[in-house]
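Below is one structure, written out as structure tokens; comments come after it.
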Amino acid sequence: MDCCILIVGLSIFMSSCNQLYFRMVRNFEVIKVILHHNRGLFIFVRHLGSDHDFKVPEGSIFGDLPIYLEMQPIHDKNDNSQPDIFIFRPMGLERLFDKQFKEGQRIVLTIPD
């Protein structure tokens, strides 16, 4: 059985073969969910931390959904960069039209080591 300890933004997992591996966790708030009829799900989120300079690599999990980063940073109508806004998309076709995300919902992004 895997165990998990959360220590100030860093998860430490122990695998079944007793090897430790690390994952960074980041907190986000869903600000908009767009479900396009043939392109699927676009999840607009705001990073709730103060450090917005990080990568969202392959293998990142948003809640329980494997995702990839569609776009960041976003620009507002005055062309000002908003580095705390991200757009995520589901990785697999089986969850391309997932309806579990709601505006205002807070979700953790887990970033692999």
Euclidean distance, [Y] [atom2] relative to [X] [atom1], rounded to 0.5 Å:
X      : Y     : atom1 : atom2 : answer
Met91  : Ile61 : CE    : CD1   : 9.0 Å
Arg46  : Glu29 : CZ    : CD    : 7.0 Å
Asp84  : Ile31 : CG    : CD1   : 7.5 Å
Ser60  : Arg26 : OG    : CZ    : 11.0 Å
Leu109 : His47 : CG    : NE2   : 8.5 Å

Is it true that Phe86 and Phe62 have ring centroids separated by less than 6.0 Å? no
Centre-to-centre under 6.0 Å for Phe88 and Phe28, is that the case here?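 They qualify: ring centres under 6.0 Å apart.
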Are Leu48 and Val108 connected in the hydrophobic side-chain network, where two residues link if heavy atoms are under 4.5 Å apart? no
Could you pull out the closest heavy-atom pair between [X] and [Y], with the gap in Å?
X      : Y      : value
Pro112 : Glu58  : CG-O, 3.6 Å
Gln105 : Lys102 : OE1-N, 2.8 Å
Lys55  : Ile111 : O-CD1, 3.7 Å
Leu41  : Pro90  : O-CD, 3.5 Å

Taking only residues two or more places apart in sequence, or in another chain, which ones meet Arg89 in a side chain to side chain contact (heavy atoms under 4.5 Å, CB included)? Arg39, Phe42, Tyr68, Glu70, Leu96
Verdict with reasoning, Val30 to Ile107, per side-chain contact (heavy atoms from CB on, under 4.5 Å): CA-CA 8 Å; Val30 177; Ile107 301 178; 3.9 Å; yes
Before you tell me yes or no, could you show the steps for Ile43 and Ile34 under side-chain contact (heavy atoms from CB on, under 4.5 Å), namely the whole-Å CA-CA distance, both residues' side-chain angles and the distance that decides it to 0.1 Å? CA-CA 7 Å; Ile43 309 164; Ile34 297 176; over 6 Å; no
Going by salt bridge (Lys or Arg N to Asp or Glu O under 4.0 Å), name the residues that satisfy it together with Asp79, two or more places apart in sequence or in a different chain. none
